[in-house]
Amino acid sequence: VNLTGRNDWASTLPVDNRSYFYPSAGVSFIFTDAFDLGGDILTYGKVRANYAATKRDVPPYQLATTYAVTSPSYLTPAGATVYSASLSDALKNSGLNPEAVKEIEFGADLSFFNGRVKTDLTYYRKTSSDLFVTKRIPVTSGFSTQAINAGSIRNIGYEAGIDITPIKTKSGFTWNTYFSFNKIVSEVLSTDDQGADIILGNGAFIGNVQRVGQPFGMLYGLGRAKDKNGNSLIWPDIVTGK
């Protein structure tokens, strides 16, 4: 049995969310030793179960929307020094939370024929929440993107591996081969407070979108209305697709 606990403090997060704790626990059981089952066919057998929660901070400078002073400055005809400042089109967020991941895993390690055949089987379910993303927003707001914590995503995974040693001679020659299988099924469980799609990146007509009920990182494309000659009638809005 293994137990862990960790607490981090991150200066890139707001003061109220700066400290975060996350634990983990794991247990494994070698049933071939416990029940004296080891033999020529089943040489070794272990089952295991793990639970882990992890958290991490967000990139720096995401809490306050600030002006950038233009350099160099310039002088007016009267000799006065003038400084100018510009506001970024990226809207920051003073209420960000740390990203969180919770995962549960079950597995088994089995060895047969004195180690000539070994298998490793794993099933896991991972849920990620409060993910940090830069969401595209309507430019009529005065900004083009906004930093937010975007809902949650679930990944269910299946892994299988088999290690086979078909040839092993007394002279020391060994032939070993390994096969593996891995499958991950992802699903977006929630997005923002309104449940709206979250468009990622800066693609105008093709990109990635987080949409509830769909896999994470799903590609989207926007079509255009055309006349009979194939000329575009209207350009779609990047955010709404209309």
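Values reported hereafter were calculated over all heavy atoms of this structure, with side chains retained and with hydrogens, waters and symmetry mates removed. Worth saying up front: this structure is predicted, and the values here are computed from it rather than measured.
For A150 against V133, the heavy-atom pair with the smallest separation is CB-CG2, 3.4 Å. The nearest pair of heavy atoms linking N93 to L96 is O-CG, 3.5 Å. Pairing each heavy atom of A147 with each of F132, the nearest pair is CB-CE1, 3.6 Å. Residues S186 and N155 approach most closely at CB-OD1, 2.8 Å, considering heavy atoms. Closest of all the heavy-atom pairs between F31 and K46 is CE2-N, 3.6 Å. Here the closest non-hydrogen pair linking V58 and T12 is O-OG1, 2.9 Å.
A salt bridge links R6 to D8: one of the charged nitrogens lies within less than 4.0 Å of a carboxylate oxygen.
Atom NZ of K126 is separated from atom CD of E105 by 9.5 Å, given to the nearest 0.5 angstrom. A distance of 10.5 Å separates CG in L121 from CD in E159, rounded to the nearest 0.5 Å. Rounding to the nearest 0.5 angstrom, the gap separating the OG atom in S128 from the CZ atom in R154 is 11.5 Å. To the nearest 0.5 angstrom, T177 atom OG1 is 6.5 Å from W175 atom CH2.
A 6.0 Å sphere centred on OH of Y67 holds no more than 12 heavy atoms belonging to other residues, nucleotides or ligands. Within a 6.0 Å sphere centred on OH of Y178, other residues, nucleotides and ligands contribute more than 12 heavy atoms. Environment of NZ in K92: crowded, with over 12 heavy atoms of neighbouring residues, nucleotides or ligands closer than 6.0 Å.
R56 places no side-chain N or O within 3.5 Å of a backbone atom of E99 that could act as its donor or acceptor partner. Remark: side-chain polar atoms of R136 are not paired, donor with acceptor, to backbone N or O of T145 under 3.5 angstrom.
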For this session: Let me see the working for I167 and T174 under side-chain contact (heavy atoms from CB on, under 4.5 Å), right down to the final yes or no.
Result: CA-CA 6 Å; I167 300 176; T174 300; over 6 Å; no
For this session: Please assess T81 against Y83 for the test side-chain contact (heavy atoms from CB on, under 4.5 Å), listing each intermediate value before the final yes or no.
Result: CA-CA 7 Å; T81 302; Y83 296 91; 3.6 Å; yes
Exercise. Going through the distances and angles, do L131 and I153 end up as a side-chain contact (heavy atoms from CB on, under 4.5 Å)?
Worked result: CA-CA 9 Å; L131 298 175; I153 298 169; 3.4 Å; yes
Exercise. Which is it for N97 and Y20 under the side-chain contact (heavy atoms from CB on, under 4.5 Å) test, yes or no, and what are the steps along the way?
Worked result: CA-CA 10 Å; N97 295 306; Y20 46 91; over 6 Å; no
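Side-chain contact of S152 with S190: a donor-acceptor pair under 3.5 Å is present, judged by distance alone.
In terms of hydrophobic clustering, with Ile, Leu, Val, Met, Phe, Trp and Tyr side chains grouped at heavy-atom distances under 4.5 Å, L42 and F29 are assigned to a common cluster. No continuous path of hydrophobic side-chain contacts links V47 to V27 [ILVMFWY only; heavy atoms under 4.5 Å].
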Please output the side-chain donor-acceptor pairs of residues 106-117 that fall under 3.5 Å, not counting sequence neighbours, one pair per line with the distance.
{"unit_1": "D109", "atom_1": "OD1", "unit_2": "R48", "atom_2": "NH1", "d": "3.0"}
{"unit_1": "D109", "atom_1": "OD2", "unit_2": "R48", "atom_2": "NH1", "d": "3.4"}
{"unit_1": "R116", "atom_1": "NE", "unit_2": "T165", "atom_2": "O", "d": "2.8"}
{"unit_1": "R116", "atom_1": "NH2", "unit_2": "T165", "atom_2": "O", "d": "3.3"}
{"unit_1": "R116", "atom_1": "NH2", "unit_2": "P166", "atom_2": "O", "d": "3.2"}

